[in-house]
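First the structure, in the form of structure tokens, and then the observations on it.
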Amino acid sequence: MLRTLLSEDFPRSRALTAVVLLIVLGLVLAPFVFPGIRSLNTAATICIFIVLVASYDLLLGYTGIVSFAHTMFFGIGAYGVALSLKAFPASWGAVALGAGAGLVLAMGLALVIGLFALRVQAIFFAMVTLAVASAFLILASQLSGLTGGEDGLTYRVPRELSPALKLVSAKVMDVRLDGRIVSYYLIFGSALVLVLGLLRVVNSPFGRVLQAIRENEFRAEAIGYRTAFYRTAATCLSAGAAALAGVLMALWTKYTGPDTTLSLSIMIDILLMVVIGGMGTIYGAVVGATLFVLAKNYLQVLMASAAETTAGVPLLNELVSPDRWLLWLGILFVLSVYFFPTGIVGRLRGRA
Amino acid sequence: MTDQTSDASIPSPPLADRLKAQAPYWTVPGLAVLGLVLIADASTWGTLTLAGLAMGMLIFIMASGLTLVFGLMDVLNFGHGAFISIGAFVGATVLLALTGWTGADSLALNLGAVLLAIVAAMLATGGLGWFFERVIIKPVYGAHLKQILVTMGGLIVAEELIHLFWGPNQIPLPRPEMLKGSWVAGGVIVEKYRVLAVVLGAAIFIGLRWSLVHTRLGLLIRAGVENGEMVEALGYRVRRLFVLVFVAGSALAGLGGVMWGLYDEIITAQMGLNILVLVFIVVIIGGLGSVEGCFIGALLVGLMANYTGFLAPKVALGSNILLMVVILMWRPRGLLPAGKG
Amino acid sequence: MTATEPPVLRTEELTIRFGGHVAVDRVSCAFDRGTLTAIVGPNGAGKTTYFNLISGQLRSTAGKVVLFGQDITGLTAPRRTRAGIGRAFQLTNLFPNLSVLENVRIAVQARHDTGLDIWSLATRRRELIELAEHHLARTGLLDKMDSVAAELPHGDQRKLEVAVLLALESEVLMFDEPTAGMSVDEVPVVLDLIHQIKADTAKTVLLVEHKMDVVRSLADRIIVLHNGALVADGAPEAVIASDVVQQAYLGTSSASGDGHG
Amino acid sequence: AADPYKIAHVYGKTGPFEAYAKQSHVGLMMGLEYATGGSMEVNGRKIEVIEKDTQLKPDLGKTLLAEAYGDDDVTLAVGPVSSGVALAMLPVAQEYGKVLLVEPAVADSITGSAWNRFVFRTSRNSSQDAISNAVALGDAGNCVATLAQDYAFGRDGVAAFKEALAKTEARLVFEEYAPTDTADFTAQAQRLFDALGKAEGCKRKIIWVVWAGKGNPLGKLNALNPGSQGVELATGGNILAAMAAYKELPGMEGATYYYYEIPKNPVNDWLVAEHQKRFSAPPDFFTAGGMAAGIAVVEALKKAPSGDTEDLIAAMEGMEFVTPKGVMKFRKEDHQALQSMYHFKIKVDPAVAWGIPELVRELKIEDMDIPVRNRK
Amino acid sequence: MAELLRLEGVHTHIGQYHILQGVDLVVPEGELTMLLGRNGAGKTTTLRTIMGMWRASAGELGLAGTDLRPLATPDIARLGVGYVPENMGVFAALTVRENMLLAARDGAMDESRLEWIFSLFPALKKFWGLPAGNLSGGQKQMLSIARAMIEPRRLILIDEPSKGLAPAIVDALIEAMRELKRTATTILMVEQNFRMAQALGDGVAVMDDGRVVHAGRMAELAADPALQARLLGLSLGAHQ
Ligand SMILES: Nc1ncnc2c1ncn2[C@@H]1O[C@H](COP(=O)(O)OP(=O)(O)OP(=O)(O)O)[C@@H](O)[C@H]1O
Ligand SMILES: Nc1ncnc2c1ncn2[C@@H]1O[C@H](COP(=O)(O)OP(=O)(O)OP(=O)(O)O)[C@@H](O)[C@H]1O
Ligand SMILES: [Mg+2]
Ligand SMILES: [Mg+2]
């Protein structure tokens with residue numbers, strides 16, 4: 001059973017198994033073990049980013065395609081739901097409609113980009129997608145009548161997901177069981193299904209072809225694979241999964257705007273999560289996303305306490321002030337690439 | 001021994017092939033003529049074309065360093081954006097200290113101040129480039145993805161350091177007195193500052209091209225990118241060479257930063273990142289590692305922005321992307337990919 | 001093989017020009033089922049390029065490639081592979097970071113057209129794995145099947161290259177210097193394999209090889225390319241003895257023999 | 001002592017708007033200080049300010065605001081800098097039923113289509129900006145063309161401007177929109193010059209620029225010698241650093257929200273003097289706004305000591321309070337603070353690093369007809 | 001004759017693999033020493049270790065008294081060591097001329113040497129101005145060898161030069177090597193073509209499993225089929 005669920009792709013290292021179990025357990029119990037709005041939000045963000053990063057890994061780690069357009073697909077999914085919930089009364093039908101439309105549009109766009117980009121070199125593809133994604137970002141802000149422009153869209157979600165819903169009046173373990181909890185478990189469940197699905201795809205014969213293309217595209221052609229087709233298919237699949245992650249994001253935040261879904265900085269975060277976690281392993285996405293989202297959410301808190309302890313030291317205090325958190329994030333970028341050249345998963349497996 | 005000796009050389013390719021190879025060089029005049037036809041008004045066309053070409057030169061100055069590093073060393077350096085910003089800030093510091101010179105009604109003093117600012121900026125960014133290469137890039141040669149990440153990290157750190165040193169405010173950077181305003185002749189407006197940009201851009205272009213095509217240095221760099229190990233086995237210190245190229249590329253970014261800062265007259269820590277996508281587009285259109293291609297690409301982008309901005313403002317937004325798509329459809333490796341001269 | 005059976009593979013006036021240089025010059029040649037044809041010629045004669053034209057890595061400037069009576073000149077490389085043309089490369093060309101087994105398995109999978117299956121598990125398609133293991137056994141690589149391809153010594157990489165080709169089960173097999181760089185004790189393994197393939201009369205084999213003893217022992221027929229053109233075609237001994245081969249290819253001093261190579 | 005009033009300042013401390021954020025926070029703290037006479041106490045209870053950094057991210061802004069309302073249990077919240085973040089935060093105020101005092105985000109929709117009754121705003125909105133500029137440029141015989149960014153902020157601004165200009169004697173002849181990332185404005189300038197060139201019967205020809213963010217269209221238009229085409233430039237006010245560019249534009253007219261030398265009242269005098277003393281620099285654009293918010297908070301708490309939301313809303317609706325800009329008033333209908341704007345003309349003093357906006361005329365609350373836009 | 005190159009107990013690790021496990025090898029000055037051995041024996045690794053491309057983890061490596069171990073590859077090359085790698089290492093984007101130009105370290109090619117090279121490998125002259133990437137497999141091999149020959153060197157390391165060359169060119173190559181020896185160039189050559197090895201070698205070393213298992217004179221090995229069979233497995237494949 002577990003074998004099938006995990007597609008016979010096990011962590012293959014005791015340490016990694018422990019880490020993954022810890023993460024899953026942490027996420028399952030998050031609302032009760034770490035109460036508070038901030039931590040619940042962190043947990044939900046982790047779930048969403050795990051899907052997003054895993055879908056990107058399908059492209060980057062498994063197929064060897066560097067794309068900067070992944071947030072675009074993420075955004076399309078989110079905007080799909082946002083627009084639909086804005087246009088229609090908040091119902092599950094509207095959510096499904098928006099999600100469906102986003103999915104179709106994302107995959108369609110991925111198809112177009114894929115078909116075009118097959119003609120150009122790998123690194124060109126990266127730059128092309130960078131340009132396309134930034135144009136899309138500008139377009140989204142320009143079509144303000146539709147998308148709310150820079151300001152984004154705020155909307156209501158189905159009643160079951162809003163705090164207004166009270167499941168039981170009493171608190172369980174000091175936590176109120178309201179729509180937010182429902183919402184969280186919806187996101188957790190969907191993320192789990194999507195990640196297992198992606199794990200299945202990369203271990204299927206199709207996934208193996210992608211790896212072969214990554215290794216030696218010329219040779220893959222010579223043994224009879226139409227690599228153009230496979231690469232496009234991978235692009236579409238990953239775009240679709242990203243769009244679904246966007247749907248989850250839209251449902252969770254009840255707000256969709258360029259800064260939460262389309263921006264280049266999210267794209268860079270995704271890249272970093274894949275690389276820190278370990279490319280070409282879905283487990284890497286899980287570990288990378290978790291660590292990075294945690295770091296990003298609590299870096300400022302950490303620095304605030306560092307700033308307190310160094311209150312007397314002039315320059316140092318300036319450097320560790322929470323306002324300079326970006327500085328440390330940048331340093332984190334550099335260091336994590338150095339210390340985890342094969343990703344955390346590579347590290348853990350190497351030791352085991 | 002064998003009759004392989006008999007034919008000493010191969011015949012040159014047919015005319016059609018040669019014409020096709022030259023086509024990229026005709027794109028700029030072609031676009032200009034197309035612009036004239038569509039705009040139909042000679043003086044408007046003149047204003048737009050001259051401005052567009054100068055704009056192209058400015059972009060080229062910023063892109064040249066990137067194409068050098070990206071094309072020759074195969075390093076995708078997002079930190080380039082930070083060098084542009086830092087160059088601008090260092091240059092601005094010098095220029096703001098020399099208000100006596102910049103405010104004077106003397107072209108010589110004005111240019112002197114700009115020159116000093118440029119030298120200071122190039123020294124600063126060149127030095128920073130050296131540090132960057134040693135500390136940040138060195139461990140990730142050959143790994144694009146990691147390059148993207150570490151240089152992105154470097155970019156963030158550099159932007160933050162700018163905030164730390166120069167404060168979070170944008171800094172106004174007025175042009176020197178004699179470079180303000182425009183000349184107007186027969187309805188054609190020519191901004192004075194853009195003339196400086198053209199002169200500088202052309203000088204850089206010629207200098208770079210010469211040193212890459214006519215010196216061993218260029219040869220070595222090209223060989224080193226392809227197979228650094230083999231270049232070392234021939235007795236050259238590739239590492240040192242790469243540092244040199246990287247420093248040169250960074251210094252050019254600094255120069256570009258000063259010029260762009262003076263163009264915008266306002267500088268911010270994010271300016272480099274903001275312009276970076278455009279710079280990447282130019283490098284791609286040109287073809288990796290080709291200084292000529294980058295030059296042509298920059299001019300095309302400059303012209304295209306002005307023509308579309310005038311004729312169809314709605315299209316202006318996507319004009320660069322459109323240009324890139326069209327060029328890549330025509331030539332999947334860019335206009336003049338390196339390895340062709 | 002009967003005399004009346006049409007050739008499996010045929011090229012008609014096949015030509016490619018690079019700029020002003022004609023690398024393959026109007027080569028017309030037919031290959032019959034069950035034969036092994038050796039292609040020899042000086043370095044740069046156009047042998048590899050001729051292979052590339054047949055298997056689709058290069059597009060011809062003029063001329064046709066006909067397989068089983070069908071014109072395949074317009075097909076891409078993958079389509080030609082599916083149509084039955086398999087080849088091994090002059091410079092080793094594998095999936096470097098995949099295991100030896102996976103290198104072959106992926107070829108088996110290509111042959112059985114299961115690449116589009118995104119839902120079953122690759123590890124559970126036993127039949128494909130068994131086939132891959134069978135091909136590895138034939139090439140003597142079975143005990144190394146878990147090694148990573150890039151870490152194999154050169155000789156084993158050449159063998160793996162052959163195993164991948166076998167896995168494609170093509171009707172036409174093309175070998176480009178399969179024994180280059182192989183140590184003398186390894187060469188026979190590959191030669192035996194080619195012998196075996198040849199014994200299977202359904203296959204048509206094209207072989208580029210510079211080692212004349214290998215050519216002599218394997219070939220049913222030799223064709224000679226020189227400056228891109230086909231200059232001799234016939235039974236091995238006759239062709240080797242011909243002036244053009246003696247002068248243009250073997251060189252004067254080596255007429256006495258080429259020793260072991 | 002009694003429990004302190006907890007106030008959350010939720011704003012984008014880090015990121016591109018760091019400079020604005022700093023000003024806003026300094027202003028808020030000085031406002032609280034001024035209004036409490038330096039004690040930071042009101043009704044005998046301390047005021048405690050909790051800072052939260054949205055990093056300019058709407059999703060983070062929402063979470064932090066929810067955290068402030070839910071976990072920290074604040075009385076009310078102030079912020080944020082960017083309109084996008086503000087719009088994302090509005091529903092949170094409603095969800096938690098607590099007051100959000102918006103400062104300094106300007107989008108019309110905050111007190112317009114996206115408004116809910118828990119939202120108040122001390123900062124001016126885009127309409128106020130646009131309308132004051134229209135009034136400033138509205139003399140008879142003026143032909144005006146606009147240059148704006150091609151997105152919501154630009155288009156809304158021009159729409160409001162257009163509406164207001166129609167009520168004056170000036171005439172709008174052309175609207176030009178450029179993509180936000182435009183680097184070269186030659187094409188736009190050419191189109192504007194052409195359009196104004198064709199306009200007939202104009203006493204003055206003016207290009208009004210409304211632009212926020214990167215690019216410096218004003219400087220670039222000016223470099224093209226608009227004077228030689230008989231064209232003048234105009235734009236609104238800005239932070240001091242940005243107004244350095246105005247040094248090239250002596251005589252330029254427009255309307256601004258604040259410049260420290262313009263308002264003459266004790267609050268502003270205190271602000272200018274104290275700010276100069278503490279930071280050796282005059283207060284800037286967003287400092288004044290922050291201070292207004294601080295004063296508003298204290299005044300509201302004085303009127304509604306319980307700190308209870310409904311009491312606060314009741315107290316604040318229609319409340320008048322004195323700020324560095326003189327009297328402001330929260331309009332009952334949409335909770336927007338109505339306030340004076342200033343018609344200025346740029347004077348250049350070589351000793352000052354920026355172009356100095358000299359007051360031409362104070363546009364009082366009653367001089368401007370600011371539409372109420374929150375009716376659904 | 002004096003020894004030029006000396007390896008003593010050299011160990012090399014590549015990643016976690018222990019490839020060379022104590023190689024002892026002496027190359028006398030002015031001679032051509034053949035390095036033989038089956039695939040994977042460690043021949044290429046030995047040459048790369050000498051060139052400093054892999055780092056020896058233990059042992060001694062000396063060239064005419066100079067310790068090579070602390071030196072970087074460029075410095076080793078500057079001692080007058082030429083290298084023809086297994087995979088030829090031509091710069092595909094550069095023309096044949098530019099490839100040669102880089103190999104001539106002071107920037108100018110000696111005319112007479114060039115003529116000599118053209119006479120051995122006429123194809124190079126023909127494709128002089130073309131990108132080296134367009135050359136055929138054998139032509140690339142010729143270019144790679146020619147690069148090592150364009151300047152006088154003290155020591156040339158050559159990895160399987162005859163691979164992929166037509167018989168006539170192999171003859172030319174043998175001629176070239178003899179000529180190089182006449183100009184007092186020391187050569188260490190890895191080769192699978194025993195005919196060529198026999199024709200050229202003065203000394204011989206045979207490797208297996210990362211060690212030198214036999215060292216001696218070529219003439220002895222050539223005269224002793226039993227030894228050949230034992231060391232190289234020659235009898236198996238020689239006369240199929
Ligand atoms: N892309 C190309 N552009 C220009 N010339 C080329 C190109 N590819 C091959 N050639 C030339 O075509 C000729 C034939 O090359 P090919 O590789 O077919 O030779 P070959 O017979 O396989 O030689 P070898 O035995 O050395 O492998 C060579 O002279 C080569 O330089
Ligand atoms: N990069 C590498 N990583 C791991 N192992 C390697 C690497 N390069 C070589 N090896 C291993 O080192 C051993 C020796 O390789 P080497 O290339 O030196 O052999 P060789 O004697 O030159 O063989 P051949 O005749 O096939 O060229 C082989 O087992 C090979 O698999
Ligand atoms: Mg060949
Ligand atoms: Mg070897």
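Protein chains get the first letters and strands the later ones, always in sequence-line order, with residue 1 at the start of each. Keep in mind the model is a prediction, meaning the values are calculated, not measured.
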Over 12 non-hydrogen atoms of neighbours within 6.0 angstrom of CZ in C/R26: no
Check against side chain to side chain contact (heavy atoms under 4.5 Å, CB included), E/L165 and C/N43: CA-CA 6 Å; E/L165 291 184; C/N43 294 119; 3.7 Å; yes
Enclosure of E/D224 CG (heavy-atom neighbours >12, cutoff 6.0 Å): yes
I'd like to verify something: which residue of C/Q157, C/E186, C/E209 has the highest number of heavy-atom pairs under 4.5 Å with chain E? C/E186
Tell me, side chain or backbone of E/E191 under 4.5 Å from chain C's heavy atoms, or both, or neither? neither
Measure across C/P153 and E/N39 and return the closest heavy-atom pair with its distance rounded to 0.1 Å. CB-C, 4.0 Å
Just give me the residue among C/K47, C/R158, C/M182 that pairs up with chain E most often, heavy atom to heavy atom, under 4.5 Å. C/M182
Is there a side-chain contact between C/E177 and E/K163, using heavy atoms and a 4.5 Å cut-off? no
Can you measure from NE2 (C/H210) to CD1 (E/I169) and round to the nearest 0.5 angstrom? 9.5 Å
Enter the distance from C/S183:OG to E/E160:CD here, rounded to the nearest 0.5 Å. 9.0 Å
Quick one: closest heavy-atom pair of C/P42 and E/A166, and the distance? CA-CB, 4.0 Å
